[in-house]
Amino acid sequence: MKAVMKLNPGHDNMSLETITEPEVTGDLVKIKVAYTGICGTDIHTFTGEYANSKTPVVLGHEFSGTVTEVGPNVQNVKVGDRVTSETTFTTCGECEYCLEKDYNLCSNRKGIGTQVNGSMAEFVISREESVHVLADSISLKAAALAEPLACCVHAGLEKTTIEKEDKVLVFGPGPIGLLQCQVAKAQGAFVILAGITKDKERLELAKSIGVDVIVDVLEEDLTEVVMKHTDGYGVDKVFECSGAVPALNQGLPLVKKKGTFVQVGIFANKMNPLDQESIVQREINYIGTRSQKPSSWHLALKLLEDQKIDVDKMITKVVPLDEWRQGFEAVMGGNEIKVIIES
């Protein structure tokens, strides 16, 4: 089968290869891939900045498809099922995190598309526990966004909660930021989205999917906008989805006292300047959130089933597997929202 592989560490070192189709054993499920989303992690792997990928490996971990074969121990998934899958392929199964199904925190976890072959291929395998059969109302295209949506659900509905009366500020109108906005709107919150001038089209898209207020922080005074809409108190929750240190430190003073700041975006450097005074003096809850876990997927898929997420406006480019490089270049060009590969 054809597969997009990272062959060696470093910049690029990627190509479309012909490899053997995966075989099913035990509780494994073989899936004919329909669509795979290109994630920021995939881009970092391409550029050589993501050290967790074990080469050679087939990339891709945001995907959907149809089951073509199941292992002898599979009980609840059958050939013909339309499915998506969590990214967890194996865990130790013994640590306290595994016992609580916090697989995202298992130190021995192996992920699809990073440590084991992923979905930028004609076929992929996953363990039954990670596979989710899709409701009829969820398209295969929409299901390819289930993984990033699950990350946003974990951040917004599991690491904290979003109440109907909450005022929420989101930094970064990329795919994660736009999904985070929609998760908040699905709970009935009032949402402000902050970006910069080059994000103009993404900010306009955000308005069309229900975001209440958009702010270009290079053209407008974000503090003034936030205080205007919060009676001078600041927002109840901030979700920092850009991974930009200036956004982090601009956002901390805009959280109301006793409010919550959730760090969703990943920073380029391990150590960064942090406005600790705002955290201490305002008694802010500063929360880290990593990836997603099984419970996140059930919530995410329910949002998709109930048509609470506008997927069609999110996906702005589809490329065939043979043209994967064009898809990566489109993501790196910054002019698309979400690019997916059709296998």
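In this chain, numbering begins with 1 at the start of the sequence shown. Quick note: numbers below take in every heavy atom, side chains included, and nothing from hydrogens, waters or symmetry partners. As the structure is a computational prediction, the values presented were derived from the model and not from experiment.
Taking the side chain as every heavy atom from C-beta outward, Ile209 and Cys181 never approach each other to under 4.5 Å. By the 4.5 Å heavy-atom criterion applied to side chains, Ile43 and Glu49 are not counted as neighbours. By the 4.5 Å heavy-atom criterion applied to side chains, Val58 and Ile19 are counted as neighbours. Taking the side chain as every heavy atom from C-beta outward, Ile176 and Phe239 never approach each other to under 4.5 Å. At a threshold of 4.5 Å between non-hydrogen side-chain atoms, the residues Gln115 and Phe89 do not count as touching. Between Lys313 and Leu178, every side-chain heavy-atom pair lies at or beyond the 4.5 Å cut-off. Between Phe63 and Ile31 the shortest side-chain heavy-atom distance falls below 4.5 Å. Phe190 has its side chain out of reach of Thr230: every pair of non-hydrogen atoms, C-beta onward, lies at least 4.5 Å apart.
Note that the CZ atom of Arg202 and the CG atom of Leu205 stand 9.5 Å from one another [nearest 0.5 Å]. Distance CD1/Ile138 to CG/Leu303: 9.5 Å, rounded to 0.5 Å. Residue Ile340 holds its CD1 atom at 14.0 Å from SG of Cys39, rounded to the nearest 0.5 Å. In this structure, CD on Glu62 lies 8.5 Å from OG on Ser119, to the nearest 0.5 angstrom. How far CD of Glu158 is from OG of Ser296: 3.5 Å, rounded to the nearest 0.5 Å. With values rounded to the nearest 0.5 angstrom, Lys302 atom NZ is found 13.5 Å from His298 atom NE2.
Taking a 6.0 Å sphere around NZ of Lys32, one finds it holds more than 12 heavy atoms contributed by other residues, nucleotides or ligands. Annotation: Glu283, atom CD; neighbour count of heavy atoms from other residues, nucleotides and ligands within 6.0 Å does not exceed 12. Applying the 6.0 Å contact sphere to CD of Glu277 captures no more than 12 heavy atoms from other residues, nucleotides or ligands. Other residues, nucleotides and ligands place more than 12 heavy atoms under 6.0 Å from the CG atom of Leu218. Tyr286 OH: more than 12 foreign heavy atoms inside a 6.0 Å radius. At most 12 non-hydrogen atoms from other residues, nucleotides or ligands lie less than 6.0 angstrom from CD of Glu23. With a 6.0 Å radius and a threshold of 12 heavy atoms from other residues, nucleotides or ligands, Asn272 has its CG atom above the threshold. Within a 6.0 Å sphere centred on CD of Glu201, other residues, nucleotides and ligands contribute 12 heavy atoms or fewer.
The backbone N or O of Ile38 sits less than 3.5 Å from a side-chain atom of Lys338, completing a donor-acceptor pair. At least one donor-acceptor pair closer than 3.5 Å links the side chain of Ser64 to the backbone N or O of Leu140. Under a 3.5 Å cut-off, the side chain of Glu122 and the backbone N or O of Lys2 do form a donor-acceptor pair. Between the Gln263 side chain and the Gly265 main chain, a donor and an acceptor come within less than 3.5 Å of each other. A donor-acceptor pair is defined here as one N or O able to donate and one able to accept, closer than 3.5 Å; such a pair exists between the side chain of Lys6 and the backbone of Thr45. Between the Asn13 side chain and the Leu7 main chain, no donor and acceptor come within less than 3.5 Å of each other.
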- [ ] Could you walk me through whether Thr197 and Asp216 pass the side chain to side chain donor-acceptor pair (under 3.5 Å) test, one step at a time?
- [x] CA-CA 6 Å; Thr197 306; Asp216 176 348; 2.8 Å; yes
- [ ] For side-chain contact (heavy atoms from CB on, under 4.5 Å), just list the numbers for Val70 and Val24, CA-CA rounded to whole Å, side-chain angles, deciding distance to a tenth of an Å, and then say yes or no.
- [x] CA-CA 6 Å; Val70 298; Val24 294; 6.0 Å; no
TODO: Could you go through the side-chain contact (heavy atoms from CB on, under 4.5 Å) check for Leu28 and Val74 one step at a time?
DONE: CA-CA 7 Å; Leu28 296 179; Val74 174; 6.0 Å; no
Open item on the list: For Val83 and Val29: C-alpha separation, side-chain torsions, deciding distance, then whether side-chain contact (heavy atoms from CB on, under 4.5 Å) applies.
Closed with: CA-CA 10 Å; Val83 297; Val29 175; 5.7 Å; no
Open item on the list: Set out, in order, the CA-CA distance, both residues' side-chain angles and the distance that settles salt bridge (Lys or Arg N to Asp or Glu O under 4.0 Å) for Lys317 and Glu323, then state yes or no.
Closed with: CA-CA 12 Å; Lys317 189 176 185 66; Glu323 296 176 17; over 6 Å; no
- [ ] Before giving the answer on side-chain contact (heavy atoms from CB on, under 4.5 Å), spell out for Leu301 and Thr84 the whole-Å C-alpha distance, their side-chain angles and the decisive distance to 0.1 Å.
- [x] CA-CA 10 Å; Leu301 289 168; Thr84 185; 4.2 Å; yes
Open item on the list: Checking Lys200 against Glu219 for the salt bridge (Lys or Arg N to Asp or Glu O under 4.0 Å) test, could you report, in this order, the C-alpha distance in whole Å, the side-chain angles of both residues, the deciding distance, and whether it holds?
Closed with: CA-CA 11 Å; Lys200 185 177 188 307; Glu219 298 289 338; over 6 Å; no
Task: Lys185 and Asp212: CA distance, side-chain angles, deciding distance, salt bridge (Lys or Arg N to Asp or Glu O under 4.0 Å) verdict - done: CA-CA 9 Å; Lys185 287 303 300 179; Asp212 298 283; 2.8 Å; yes
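The only option from Lys167, Lys256, Lys257 that meets the salt bridge (Lys or Arg N to Asp or Glu O under 4.0 Å) definition with Asp236 turns out to be Lys256. Tested against Asp81 for a side chain to side chain contact (heavy atoms under 4.5 Å, CB included), the candidates Thr66, Thr68, Val67 yield a single pass: Val67.
Under the 4.5 Å side-chain contact rule for hydrophobic residues, Val170 and Val255 do not share a cluster. Linking ILVMFWY residues whenever their side-chain heavy atoms come closer than 4.5 Å, directly or via other members, places Ile309 and Ile162 in the same cluster. Both Phe171 and Val213 belong to a common hydrophobic cluster when Ile, Leu, Val, Met, Phe, Trp and Tyr are linked at side-chain heavy-atom distances under 4.5 angstrom. Under a hydrophobic-cluster definition in which Ile, Leu, Val, Met, Phe, Trp and Tyr are linked whenever side-chain heavy atoms come within less than 4.5 Å, directly or via other members, Val77 and Leu134 are assigned to different clusters. No continuous path of ILVMFWY side-chain contacts below 4.5 Å connects Leu193 to Val217, so the two sit in separate hydrophobic clusters.
The two residues Cys106 and Thr91 have their closest heavy-atom pair at SG-CB, 4.0 Å. For the pair Asp166 and Lys237, the tightest heavy-atom approach, listed with the atom from each and the gap, is OD2-NZ, 2.7 Å. Considering every non-hydrogen atom in both Arg290 and Asn104, the closest pair reads NH1-O, 2.6 Å. The two residues Leu59 and Gly113 have their closest heavy-atom pair at CD2-O, 3.6 Å. Nearest heavy atom pair, residue Val168 against residue Ala189, reads CG2-CB, 4.0 Å. Contact detail for Arg325 and Asp12: the closest heavy-atom pair is NH1-OD2, 2.9 Å.
Side-chain contact annotation: Thr87 with Glu147, donor-acceptor N/O pair under 3.5 Å absent. In this model, no donor atom of one side chain and acceptor atom of the other lie less than 3.5 Å apart for Thr88 and Glu129. A donor and an acceptor atom, one from each side chain of Ser137 and Glu305, are nowhere located under 3.5 Å apart.
A cation-pi contact, defined as under 6.0 Å to the ring centre and within 45° of the axis, links Arg127 to Tyr103.
Between Trp297 and His132, the angle of the ring planes stays under 30°, which puts this pair in the parallel group of the 30/60° scheme.
For Asp102 and Lys293, the salt-bridge test passes: some basic side-chain N is under 4.0 Å from an acidic carboxylate O.
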